[in-house]
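Notes follow the structure.
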Amino acid sequence: MKPAPFDYYAPETLEQAVALLEKLENEDVDAKIIAGGQSLMPMLNLRMARPDALVDLGKIKTLDYIRQENGTIVIGAMTSKRAAEDSTLLRDRQPLLHAATGHIGHRQIRNQGTVGGSFAHADPAAEYGAVAQALGMEMVVVGPDGERIIPADEFYLSFLTTDIDATEVLTEVRAPIMPDNTGWAFQEVCRRKGDLAMAGTAVTLRLEAGSCAEVVIAVFGVNATAARLPEAEQVVNGQAPGEAIFAQAGEAAAAALDEPIADVHATADYRRSLIATLVKRCLAEAVERCA
Amino acid sequence: MTALQHVTVTVNGITYERSVDPRLSLVDFLRHELHLTGTHVGCEHGVCGACTIIKDGMAVRSCLLLAVQSDGTNLQTVEGLRNAETGELHPIQQAFIDEHGLQCGFCTPGFLMSTLELLADNPSPTDQEIKDALDGNLCRCTGYQSIIKSVRLAAAKTSGGKLAGTHGSA
Ligand SMILES: Cc1cc2nc3c(=O)[nH]c(=O)nc-3n(C[C@H](O)[C@H](O)[C@H](O)COP(=O)(O)OP(=O)(O)OC[C@H]3O[C@@H](n4cnc5c(N)ncnc54)[C@H](O)[C@@H]3O)c2cc1C
Ligand code: FES
Ligand code: FES
């Protein structure tokens, strides 16, 4: 057996899970939630994570749903990424989140991994990080003191770190439906399909009287957390769409990045140049979708 | 020693009840407890796909699941492909033989189970759809061209979706 020993609990309701997390916290037990296990199990197998206890959310059936509530698509944290991929509601009403889902890992990972797990794990290369920033998503967490709603820009704190407290459970993520005529694009570069991306970009914009408006550019895979790049957005806002201005925005995006991650997959310089290219291509693709 | 957990799981139509250490992975449970060694273990962190099995109709990594998480589920492993009565190989297995879809065979159980899910969902996949379904399985010796050919042949032989044990019949 590869993981270090741990105690295992499988609460059947959200209330039981929160009460259990609070009890374990009070007893100074290092407890970790397991959802799909597709990020946690590798960390347990490699002993990068050695929790004293696992709290499995797999038996909580009330956190598995995708619905529309007024102008928002809401997704239960325990919904599988496969269900998100297969959801026609998501495809039709929140196509950016839908498109990003298809880029996550392999079919076998999406079958078992949850939507909530991808947000909670906060991998710098997680597609959902950029989607959360681009759409201004909200995360709903429930703890001993009740519910909290955390906007995306306060949710992601750092590398693999979110604002979710040790006694809280992420229960739902909320993505506003984009206004009609919003163009969007999602692109990433990885060595092999299904790998974590070396860099990626999400864009939304509108065309108003022939000019780009409300331009949103978010990038992931390059810094500790995904982020919007207002410096690059400003280059395009108010301008007529065109290759030259998009290339300029790409350069501005690359220049605005904090020093990118350098690892075995890509150097910092390479990641910077990927962002320049991806921003340029995503802007062009998003404009095409405005029509 | 942490408290043992009770697991009831159906594998290839047979229901097993066992008490397991919570840290036991599903692939080790299948191989060491149930002696179903057809499912292989490669990387044990989700990258190679050798350990792919079908859980409630969907292909999953058995190295990235705890045995306890399989409580109450219906599993299918490579041992369940062959026709239990006649001993005849499953059309997907036969297609891998006919099109030389394996050399050493280490990766094969995983490819077969990923293919089983693919063809149950989509009996006549395009080449791109085959590649998308198998991009989570690595083969270090055969080369992917003959694996794709094998899946193409299996699809041709089974079109109409007569595949047991996945979405269709689960
Ligand atoms: C081969 C491979 C390729 C992959 N490629 C990608 C990729 O390209 N892009 C990508 O984004 N991901 C990728 N992943 C990761 C995968 O998407 C995971 O499924 C996901 O990151 C975690 O979801 P999970 O449900 O499996 O969570 P788990 O692994 O169970 O949990 C992950 C973390 O989140 C916490 N957590 C989970 N759910 C909750 C909750 N409801 N409330 C509070 N905390 C919670 C856990 O405590 C843990 O710390 C890949 C994984 C593998 C093995
Ligand atoms: S052994 Fe499970 S994916 Fe490699
Ligand atoms: S047949 Fe040898 S690894 Fe695939």
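Note that the structure is a prediction, hence the values are computed from the model and not measured. Letters go in sequence order (proteins before strands), and every chain restarts at 1.
Checked for salt-bridge contact, A:Lys59 and B:Asp71 meet the test: a charged N lies under 4.0 Å from a carboxylate O. Comment: B:Asp121 engages A:Arg82 in a salt bridge, judged by a side-chain N to carboxylate O separation of less than 4.0 angstrom.
Around the NZ atom of A:Lys2, the shell of radius 6.0 Å holds more than 12 heavy atoms that belong to other residues, nucleotides or ligands. The number of heavy-atom neighbours closer than 6.0 Å to CZ of A:Phe159, taken from other residues, nucleotides and ligands shown, is 12 or below. No more than 12 heavy atoms of other residues, nucleotides or ligands lie within 6.0 Å of CZ in A:Arg281, so this atom counts as exposed by the packing criterion.
The shortest side-chain heavy-atom distance between A:Asp56 and B:Gln69 falls under the 4.5 Å cut-off. Side chains of A:Asp7 and B:Pro22 form no contact here, defined as non-hydrogen atoms less than 4.5 Å apart. Side-chain contact check for A:Ile109 versus B:Arg61: some heavy-atom pair is nearer than 4.5 Å. At least one side-chain heavy atom of B:Ser114 sits under 4.5 Å from a side-chain heavy atom of A:Gln108.
Only the side chain of A:Leu54 comes within contact range of chain B, with heavy atoms under 4.5 Å apart. Neither the backbone nor the side chain of A:Ala53 comes within less than 4.5 Å of any heavy atom of chain B. Interface residue B:Gln5: only side-chain heavy atoms are found under 4.5 Å from chain A. For A:Lys193, the parts lying near chain B are the backbone and the side chain together; criterion is any non-hydrogen pair under 4.5 Å. Of the two parts of B:Leu138, only the side chain, counted from C-beta on, holds a non-hydrogen atom closer than 4.5 Å to a non-hydrogen atom of chain A. Looking at B:Lys55, only its side chain comes within 4.5 Å of chain A, counting heavy atoms on both sides.
In this structure, the separation between CG on A:Asp52 and OG1 on B:Thr2 is 11.0 Å, given to the nearest 0.5 Å. In this structure, CG in A:Leu44 is found 11.0 Å from OG in B:Ser25, a value given to the nearest 0.5 Å. Distance check, rounded to the nearest 0.5 Å: CD of B:Glu44 to CE of A:Met41 gives 9.0 Å.
Comparing B:Leu24, B:Asp28, B:Asn137 by heavy-atom pairs within less than 4.5 Å of chain A, the highest count is held by B:Leu24. Counting heavy-atom pairs under 4.5 Å between each of A:Arg107, A:Arg192, A:Arg110, A:Gln112 and chain B puts A:Gln112 at the top. Considering only heavy-atom pairs separated by less than 4.5 Å from chain A, the leading option among B:Leu134, B:Leu66, B:Thr52, B:Val60 is B:Leu66.
No side-chain donor-acceptor contact under 3.5 Å links B:Asp135 to the backbone of A:Gly194.
The heavy-atom pair separating A:Asn111 from B:Ala59 by the smallest distance is ND2-O, 2.8 Å.
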